[in-house]
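Below is one structure, written out as structure tokens; comments come after it.
Each ligand, and each atom within it, is numbered from 1 in the order the structure gives.
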Amino acid sequence: MEKILITGANGQLGTELTISLCKKYGVENIIASDINLPKSTLPCQFIKLDVAQKADLERVIANAQITQVFHLAALLSAKGESDPQFTWDLNMSSLITILEAARKYQINKIFWPSSIAVFGRTTPKENTPQHTVTEPDTMYGITKLAGERLCEYYFKKYGIDVRSLRYPGLISNKTLPGGGTTDYAVDIFYQAIETGTYNCFLNRETFLPMMYMPDAIKATIDLMDAPKENIKIRSSYNIGAVSFSPEDLAKVIQKSIPDFTITYSPDFRQQIADSWPSNIDDSAAKKDWGWQPNFDLDKLSSDMLKNLKEKLSNSIF
Ligand code: SER
């Protein structure tokens with residue numbers, strides 16, 4: 001039986017992945033962890049854990065006889081720029097601790113998220129290939145690129161079964177993202193419902209790859225369920241779903257909220273967004289383990305609006 005540790009379980013991805021893994025493996029086999037206490041009660045065990053504390057992380061893995069780790073704890077692109085050195089320390093030291101623990105203890109599989117942030121200005125922007133120039137400009141991107149190299153290294157040198165996805169911007173109606181450059185694509189929905197207007201921190205034509213959370217969860221679980229021999233890429237897989245600009249997203253929201261208006265005040269995040277791809281070639285993920293997204297922009301937008309309207313009206317009363 002698997003015993004699964006999730007780090008960063010309170011985050012945007014972690015919150016929903018924890019629920020899905022509880023359903024799949026049974027609540028008794030899941031340990032969620034985070035540096036902060038969860039905002040609501042979790043179905044499974046929760047441990048307060050700072051992954052930068054190597055000894056604490058290793059102790060949890062050893063004592064709980066962990067067999068799989070979903071290591072999600074990290075600082076994202078925009079927030080990471082406020083303390084680059086800490087971003088490096090947190091993102092890198094925790095990954096290498098877990099990879100080393102996999103050599104010592106009985107961990108048989110690791111999931112570690114990478115990002116479109118591994119790409120940079122010198123990367124082809126359209127249909128960005130799986131194997132291409134990776135010269136990231138942000139500390140977050142640098143840690144994700146170094147992490148990809150570490151994952152492939154530990155697989156080749158020690159046979160550690162570590163699997164990874166280069167997530168695009170993730171959009172969820174449950175948990176807010178924490179300090180990314182793609183966060184506007186979540187904020188805009190809340191503002192559209194609550195105030196009818198949104199001031200976007202990226203300019204109108206900034207195309208970025210994005211994905212609805214149910215697709216991100218499906219990709220993660222499908223990748224982890226795939227037979228070992230199907231996983232041909234041990235750095236991290238490109239995965240795509242939708243690509244749009246703030247202007248495109250505003251137009252789709254206006255189909256449901258016709259009076260919605262958007263203004264643009266680009267800030268420092270514009271430069272980060274400009275260094276990232278517009279859309280991604282994910283043919284390797286499709287071929288190797290059958291990746292296929294379910295949500296296009298229209299479907300994503302109507303599902304977000306429906307769920308957020310319900311959530312926000314419940315939170316008022
Ligand atoms: N959504 C992330 C960010 O904006 C990209 O991985 O930082």
Side-chain angles (χ1 to χ4, degrees), residues 7-8 10-17 70-84 86-88 90-92 95 111-121 123 125 128 134-148 151 164-189 200-203 206-213 215-217 219-220 223 235-246 249 266-280 282 285 293 295 300 304:
T7 71
N10 295 347
Q12 194 200 18
L13 179 61
T15 307
E16 292 189 50
L17 195 57
F70 288 72
H71 177 37
L72 311 179
L75 280 184
L76 292 187
S77 62
K79 201 167 172 196
E81 290 309 292
S82 60
D83 194 344
F86 177 60
T87 304
W88 172 266
L90 178 78
N91 293 6
M92 298 314 300
L95 175 60
F111 176 79
W112 177 78
S114 185
S115 159
I116 54 166
V118 296
F119 302 118
R121 281 163 204 284
T123 307
K125 256 186 158 357
T128 302
T134 43
E135 294 180 330
D137 283 341
T138 61
M139 183 52 88
Y140 172 67
I142 292 168
T143 65
K144 288 297 174 188
L145 180 57
E148 286 191 7
C151 289
S164 177
L165 299 171
R166 288 172 176 159
Y167 290 114
L170 299 181
I171 300 171
S172 156
N173 56 59
K174 303 221 164 48
T175 307
L176 290 171
T181 302
T182 53
D183 294 11
Y184 92 84
V186 178
D187 300 342
I188 193 172
F189 285 103
C200 185
F201 59 75
L202 298 181
N203 69 31
T206 312
F207 273 85
L208 286 170
M210 301 277 185
M211 183 177 287
Y212 200 32
M213 190 57 85
D215 275 338
I217 300 293
T220 311
L223 175 78
S235 50
S236 190
Y237 276 97
N238 279 6
I239 46 164
V242 283
S243 277
F244 54 78
S245 64
L249 184 52
D267 66 15
F268 74 101
R269 288 168 281 193
Q270 183 66 47
Q271 274 199 340
I272 300 177
D274 286 343
S275 75
W276 288 352
S278 301
N279 52 70
I280 297 286
D282 57 2
F295 285 85
L300 174 164
M304 271 299 274

*Heavy-atom distance under 4.5 Å between the side chains of W112 and E148, does that happen here?*
yes
*Using side chain to side chain donor-acceptor pair (under 3.5 Å) as the criterion, list what pairs up with N203, not counting sequence neighbours.*
T206
*asked:* Main chain of P113, side chain of S164: is a donor-acceptor contact present, judged purely on distance under 3.5 Å?
replied: no
*asked:* Which residue and atom name correspond to the protein heavy atom nearest atom 3 (C) of ligand 1, and how close is it?
replied: S77 OG, 3.3 Å
*Do any nitrogen or oxygen atoms of W276 lie less than 3.5 angstrom from nitrogen or oxygen atoms of ligand 1?*
no
*asked:* Among all protein heavy atoms in this structure, tell me which lies nearest to atom 5 (C) of ligand 1, with the distance rounded to 0.1 Å.
replied: S115 OG, 3.4 Å
*Of all heavy-atom pairs between Q12 and S172, which one has the smallest distance, and what is that distance?*
NE2-N, 3.8 Å
*asked:* Checking a contact table here: which protein heavy atom is nearest atom 4 (O) of ligand 1, and how many Å away?
replied: T181 N, 2.6 Å
_NZ/NE/NH1/NH2 to OD/OE distance under 4.0 Å, R121 and D274_ = no
*Given that the side chain starts at C-beta and the backbone is N, CA, C, O, which of these parts of Y184 lies under 4.0 Å from ligand 1, counting heavy atoms, or is it both or neither?*
neither
*Does V118 reach the side chain of R166, with side-chain heavy atoms less than 4.5 Å apart?*
yes
*asked:* As an exercise, identify every atom of ligand 1 less than 4.0 angstrom from a heavy atom of L76.
replied: 7 (O)
_Nearest-contact summary for atom 1 (N) of ligand 1 - protein heavy atom, Å_ = T182 OG1, 2.8 Å
_Below 4.0 Å, non-hydrogen atoms only: which portion of A117 touches ligand 1? Side chain, backbone, both or neither._
neither
